[in-house]
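Quick note: numbers below take in every heavy atom, side chains included, and nothing from hydrogens, waters or symmetry partners. Everything numeric here is computed off the predicted structure, so don't read it as measured data. Residue numbers start from 1 in every chain, and the chains themselves are labelled A, B, ... in the order their sequence lines are given, proteins ahead of strands.
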There are 2 protein chains.
Amino acid sequence: MPKDRAPTRIQKKNRAAILEAALNVFSAHGFRGATVDQIAAEAGLSKPNLLYYFPSKEAIHTALLSGLLDTWLAPLHDLDENGEPMEEILSYITRKLQMSRELPRESRLFANELVQGAPRIHDALSNDLKALVDQKAAVLTHWMDQGKIARLHPHHLIFSIWALTQHYADFDVQVRAILGDEDPFEGAAPFIDTLYRKLLTP
Amino acid sequence: MPKDRAPTRIQKKNRAAILEAALNVFSAHGFRGATVDQIAAEAGLSKPNLLYYFPSKEAIHTALLSGLLDTWLAPLHDLDENGEPMEEILSYITRKLQMSRELPRESRLFANELVQGAPRIHDALSNDLKALVDQKAAVLTHWMDQGKIARLHPHHLIFSIWALTQHYADFDVQVRAILGDEDPFEGAAPFIDTLYRKLLTP
DNA sequence: CGTGAGTTTGACCAGATGGTCAAATCAAGA
DNA sequence: TCTTGATTTGACCATCTGGTCAAACTCACG
């Protein structure tokens with residue numbers, strides 16, 4: 001394992017290649033379904049070489065998840081309590097849907113983890129995520145108190161946004177099997193926009 | 001393997017125990033993450049004994065999925081084109097949400113399969129499921145033409161119902177981590193009901 | 001009972017998989 | 001160029017896993 005110094009050119013390149021490959025493989029097959037050989041091959045490294053950069057399969061997975069969690073929650077984080085309520089929420093929704101289109105692997109990585117009980121990120125959920133959601137729920141409640149948006153259960157409002165947007169990334173195969181040639185996001189964007197306009201109008 | 005005769009008392013009991021155990025294990029760990037030993041142990045059988053009833057791990061999985069698909073789609077199947085539109089749809093939603101509460105393992109079984117690209121049920125999706133959804137989408141469109149419900153993309157309307165209801169089964173850990181003690185379904189039911197009343201009112 | 005089909009099991013196997021290690025090779029600064 | 005740490009690899013290992021098999025056991029029924 002490399003010492004504690006600044007990462008070399010090669011270290012940077014290989015670590016990045018490994019994480020990129022791991023994202024492909026873990027998101028497509030889940031933790032248990034992914035093999036170190038597969039990740040190594042996709043990263044263009046031999047298995048022992050890969051294990052020179054990360055001590056174990058688990059370590060790769062952990063590095064991936066924690067590295068992506070911030071990216072994943074950024075849109076919610078950006079929800080601005082000083083902005084125009086309806087506009088803020090619709091823009092949050094747009095960004096989430098965009099992430100489902102542009103980062104489906106990340107979405108499925110988390111989906112895989114969650115659907116199997118989140119054995120490796122349970123802490124992050126009940127600490128960091130809960131704190132963030134509670135905070136934003138308070139903002140939503142405040143907007144409701146002001147009569148700016150319809151009164152609804154703020155947590156379930158957030159869940160509904162997650163469900164509606166991530167569905168298109170996580171269950172992509174199903175959506176495409178049913179829609180055929182039609183681009184899922186073409187129809188999803190206006191549908192979801194309409195839905196929340198109607199729902200949130202007081 | 002037992003002959004082609006009527007199943008004996010023991011066969012019935014053991015097959016049922018195996019499928020029940022398999023549902024537990026597959027829904028919690030996915031196909032690849034589940035082991036035959038685990039299923040056998042949970043069914044109270046030895047591994048060779050289990051493989052006396054099903055020829056392979058794959059066969060158990062297939063039997064489970066195809067056995068449950070009908071159950072899973074029954075609520076949509078029951079959507080009655082001759083019923084009162086709003087009432088029919090809201091009742092469909094209620095039944096779907098109820099399934100998330102009462103049959104979360106089944107939901108996660110399909111979720112696991114779908115999120116990993118549905119390698120084992122791709123055919124069922126683009127044939128049976130697509131046909132059913134297209135047919136019900138036509139019913140929805142008809143109701144929209146009659147002005148009974150708001151005009152929306154029918155397929156995405158169906159997707160939204162799936163997303164909102166199944167979210168509570170598939171991502172149960174996340175929902176509970178955020179809600180704490182609060183019962184997810186207590187809040188979800190009225191939230192979703194309100195949502196669709198607002199959305200569908202012309 | 002006795003008997004034949006149905007059921008169960010311990011021992012076993014081959015391949016896959018996560019991980020190790022010493023030796024070989026490479027790269028960059030003195 | 002030489003040296004030293006960084007990088008890479010082939011060979012190897014223990015364990016896990018899906019699956020097999022022959023032998024043993026049990027059950028239902030004539």
Requested in this report: Over all heavy atoms of both residues, which pair between Tyr92(A) and Ile161(A) is shortest? Give the atoms and the distance, please.
Outcome: CE2-CG2, 3.7 Å

Query raised in the report: Taking only side-chain nitrogens and oxygens of Ser46(A), does any of them come within less than 4.0 Å of OP1 or OP2 of dT9(D)?
Result: yes

Query raised in the report: Mind checking whether His167(A) and Phe171(A) have parallel, tilted or perpendicular rings, split at 30° and 60°?
Result: perpendicular

**Report entry** End axis versus end axis in the helix from dC1(C)-dG30(D) to dA30(C)-dT1(D), the angle rounded to 10°, five pairs used at each terminus
**Finding:** 10°

Query raised in the report: Going by an N to O cut-off under 4.0 Å, is there a salt bridge joining Glu186(A) and Arg101(A)?
Result: no

Query raised in the report: dT9(C) phosphate, OP1 or OP2: any side-chain N/O from Asn49(B) under 4.0 angstrom?
Result: yes

Query raised in the report: Please give, in whole Å, the distance from dT7(C) P to Phe54(B) CZ?
Result: 13 Å

Query - Residue-phosphate contact under 4.0 Å: Thr8(B) side-chain N/O, dC27(D) OP1/OP2 - result: no

**Report entry** Asn14(A) side-chain N/O to dA6(D) phosphate OP1/OP2 under 4.0 Å
**Finding:** no

Requested in this report: Classify the angle between the aromatic ring planes of His153(B) and His155(B) as parallel (below 30°), tilted (30 to 60°) or perpendicular (above 60°).
Outcome: perpendicular

**Report entry** Donor on one side chain, acceptor on other, Ser107(B) and Tyr168(B), under 3.5 Å
**Finding:** no

Query raised in the report: Is there a side-chain polar atom (N or O) of Tyr52(B) under 4.0 Å from OP1 or OP2 of dT7(C)?
Result: yes

Query - Rounded distance (Å) that lies between atom P of dT17(D) and atom NE2 of His29(B) - result: 11 Å

Query raised in the report: Taking the six-membered ring of Phe26(A), is the NZ or CZ of Arg108(A) close enough (under 6.0 Å from the centre) and on axis enough (within 45°)?
Result: no

Requested in this report: Treat primed atoms plus P, OP1 and OP2 as sugar-phosphate and everything else as base, then score nucleotides 14-22 of chain C 5' to 3': B for base contact with protein heavy atoms under 4.0 Å, S for sugar-phosphate contact only, - for none.
Outcome: ---SBBBB-

Query - Under 3.5 Å: donor-acceptor pair, side chain of Lys130(A), backbone of Gly180(B) - result: no

Query - Interatomic distance where CZ belongs to Arg15(B) and P belongs to dT8(C) [whole Å] - result: 12 Å

Query raised in the report: Tell me: NZ of Lys12(B) to P of dT7(C), nearest whole Å?
Result: 12 Å

Query raised in the report: What integer distance in Å separates Tyr53(B):OH from dG6(C):C1'?
Result: 8 Å

Requested in this report: Output, in order, the C-alpha distance, side-chain angles, deciding distance and verdict of salt bridge (Lys or Arg N to Asp or Glu O under 4.0 Å) for Glu20(B) and Arg105(B).
Outcome: CA-CA 10 Å; Glu20(B) 169 70 16; Arg105(B) 296 176 303 169; 2.9 Å; yes

Query raised in the report: Over how many whole Å does the gap from Phe26(B) atom CZ to dT17(D) atom P extend?
Result: 13 Å

**Report entry** Ala22(A) to Leu64(A) - nearest heavy-atom pair and separation
**Finding:** C-CD1, 3.7 Å

Requested in this report: Examine dG6(C): is either OP1 or OP2 under 4.0 Å from a nitrogen or oxygen in the side chain of Gln11(B)? Give yes or no.
Outcome: no

